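Structure record follows, encoded as structure tokens.
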Amino acid sequence: MISLDDEFATHYLTECCEHLETMETNFLDIEKGGVDIDEERINQAFRAVHSIKAGAGFFNLVSIGELAHQTESVLALIRSREMVPTPDRIGVLLNATDRLMELLRNPRTSNQADITEIMSCLARLPAEQPASAENGYASTDDQVPQSGHRLRTLLVEDDFVSRLLLQTFLSRHGECHVAVNGKEAVEAFGSALQSGLKYDLVCMDIMMPEMDGREAVRRVRALEESRGILSSSGAKIIMITALTEIKDVSRCYQELCDSYLVKPIDLAELLSQMRSYQLVP
């Protein structure tokens with residue numbers, strides 16, 4: 001856990017507030033579009049809230065993380081065209097981002113803040129959503145592997161010892177393919193998409209030759225989106241980092257990675273994350 005006194009924390013909190021300051025304009029533009037969503041606006045909003053959610057874990061900002069996660073879930077439905085951004089729904093999202101701003105400006109007391117009401121309002125939005133046919137949006141699959149599905153993992157790691165440890169562990173849960181740098185990873189991921197055998201999980205080292213992990217994640221997400229697969233329903237991406245590189249993880253969140261692990265890897269923690277994504281029982 002990183003202290004709120006750390007320079008990294010100051011940078012994170014400042015960046016989050018800057019993201020939220022543009023959110024009202026983004027949301028109002030999204031509302032005007034209705035069914036014809038402004039892709040750039042919704043993607044900006046989604047990436048901003050995803051970064052806030054993911055980064056909150058660095059500093060044990062539980063309430064901020066929970067509220068950002070609930071907000072991200074609603075944005076994911078709008079982004080995938082499973083929910084129309086009506087004025088009422090946009091109003092709830094604006095209230096959520098206003099509350100997030102309050103919490104980020106007072107991070108030391110944020111975990112004691114009462115976010116029950118706004119969390120309930122956000123949680124009700126999916127429940128209020130009618131069938132897709134009624135609002136003109138196409139339904140999308142949630143991409144969670146079905147029962148009997150064999151997990152497919154792409155392990156991207158240039159260190160032999162770490163690669164061997166993770167490959168041995170991941171192979172117990174399904175197919176595990178290996179790439180030794182970011183360039184190989186992007187090529188392998190693209191080939192898998194082309195063949196219709198998508199990866200469910202990507203474990204990606206950050207610091208690698210040829211192409212680093214952040215750039216590789218950006219290109220992987222671009223490959224998915226080129227095929228209509230949004231990050232919320234695409235491969236789960238776990239970044240692998242040394243403690244000295246932890247600040248680089250926050251940049252990876254902007255490229256829509258899902259979580260991180262610090263070397264030496266705790267396999268129990270990796271398994272816990274895989275279970276949280278419903279990749280393994």
Side-chain angles (χ1 to χ4, degrees), residues 1-2 12 46-47 49-70 72-73 76 142-147 149-157 159 161-179 182 185 189 192 198-208 213-214 216-218 220-221 224 229-243 245-281:
M1 203 68 63
I2 301 174
Y12 163 76
F46 184 85
R47 286 174 184 272
V49 176
H50 179 86
S51 295
I52 294 169
K53 177 200 75 171
F58 283 119
F59 314 106
N60 196 34
L61 298 173
V62 178
S63 295
I64 289 172
E66 289 178 352
L67 181 53
H69 176 69
Q70 194 76 5
E72 180 189 39
S73 297
D142 60 11
Q143 303 293 318
V144 174
Q146 300 300 309
S147 177
H149 172 86
R150 184 167 170 78
L151 182 69
R152 284 174 53 82
T153 300
L154 177 61
L155 169 61
V156 192
E157 172 64 74
D159 178 72
V161 175
S162 297
R163 187 166 67 240
L164 181 61
L165 172 69
L166 287 168
Q167 185 177 13
T168 301
F169 173 78
L170 292 165
S171 294
R172 296 175 192 160
H173 299 280
E175 274 184 74
C176 179
H177 299 168
V178 171
F189 197 90
K198 303 187 296 291
Y199 287 109
D200 306 302
L201 172 66
V202 178
C203 293
M204 178 87 72
D205 192 17
I206 289 183
M207 303 305 291
M208 294 181 294
R214 182 187 177 191
V217 170
R218 187 186 69 77
V220 160
R221 290 306 191 202
E224 287 182 326
I229 303 170
L230 302 180
S231 60
S232 50
S233 56
K236 297 302 177 186
I237 302 179
I238 300 175
M239 306 307 294
I240 300 170
T241 179
L243 188 59
E245 301 159 357
I246 198 73
K247 295 180 183 181
D248 292 306
V249 178
S250 69
R251 300 185 183 98
C252 294
Y253 283 133
Q254 294 171 20
E255 309 301 343
L256 300 177
C257 79
D258 294 287
S259 60
Y260 75 99
L261 290 170
V262 175
K263 295 179 181 178
I265 299 300
D266 182 337
L267 296 179
E269 174 60 21
L270 173 56
L271 181 60
S272 175
Q273 290 196 19
M274 290 165 66
R275 284 175 173 157
S276 74
Y277 298 135
Q278 298 178 292
L279 296 174
V280 294

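Keep in mind that what you see is a predicted model, and the values were worked out from it rather than measured. Keep in mind that the numbers below use all heavy atoms, side chains included, and drop hydrogens, waters and symmetry copies.
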Measure the [atom1]-[atom2] distance between [X] and [Y] for me, rounded to the nearest 0.5 Å.
X: H173; Y: R275; atom1: NE2; atom2: CZ; answer: 7.5 Å
X: T241; Y: Y260; atom1: OG1; atom2: OH; answer: 9.0 Å
X: S276; Y: L271; atom1: OG; atom2: CG; answer: 10.0 Å
X: M204; Y: I237; atom1: CE; atom2: CD1; answer: 6.0 Å
X: L67; Y: E72; atom1: CG; atom2: CD; answer: 11.5 Å
X: D205; Y: I238; atom1: CG; atom2: CD1; answer: 13.5 Å

### Message
Using 30° and 60° as the class boundaries, would you call the ring planes of F59 and Y12 parallel, tilted or perpendicular?
### Response
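Rings of F59 and Y12: tilted, 30 to 60°.
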
Taking every non-hydrogen atom, the tightest pair across [X] and [Y]:
X: A192; Y: R152; answer: CB-NH2, 4.0 Å
X: S259; Y: Y253; answer: CA-OH, 3.7 Å
X: I240; Y: C203; answer: CD1-CB, 3.8 Å
X: S171; Y: C176; answer: OG-CB, 3.7 Å
X: A235; Y: V202; answer: CB-CG2, 4.3 Å
X: C252; Y: M239; answer: SG-CE, 3.7 Å

### Message
Counting only heavy atoms not in H69 (residues, nucleotides, ligands), do more than 12 fall under 6.0 Å from its NE2?
### Response
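Check fails, neighbour count at 12 or below.
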
### Task
Quick one: list whatever passes side chain to side chain contact (heavy atoms under 4.5 Å, CB included) with E255, sequence neighbours left out.
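R47, R214, V217, R218.
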
### Message
I'd like to check the side chain to side chain contact (heavy atoms under 4.5 Å, CB included) partners of S231; sequence neighbours left out, ordered by chain and number.
### Response
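Per chain and number, S231 pairs via side chain to side chain contact (heavy atoms under 4.5 Å, CB included) with F46, R79, R221, L256.
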
### Query
Does the side chain of E66 come under 3.5 Å of the side chain of Q70 through a donor N or O and an acceptor N or O?
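Distance-only check fails for E66 and Q70.
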
### Message
Can you confirm whether Q273 sits close enough to D258 that some side-chain heavy atom of one is under 4.5 Å from a side-chain heavy atom of the other?
### Response
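No, their side chains stay 4.5 Å or more apart.
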
### Query
Are any non-hydrogen side-chain atoms of L151 and M274 less than 4.5 angstrom apart?
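A side-chain contact under 4.5 Å exists here.
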
Side-chain donor-acceptor pairs of residues 162-170 under 3.5 Å, sequence neighbours excluded:
residue	atom	partner	partner atom	Å
S162	OG	D159	OD2	3.0
R163	NH1	E157	O	3.0
R163	NH1	D158	O	3.4
T168	OG1	L164	O	2.8

#### Entry: Worked verdict on L261 versus D266 for side-chain contact (heavy atoms from CB on, under 4.5 Å)
CA-CA 8 Å; L261 290 170; D266 182 337; 5.9 Å; no

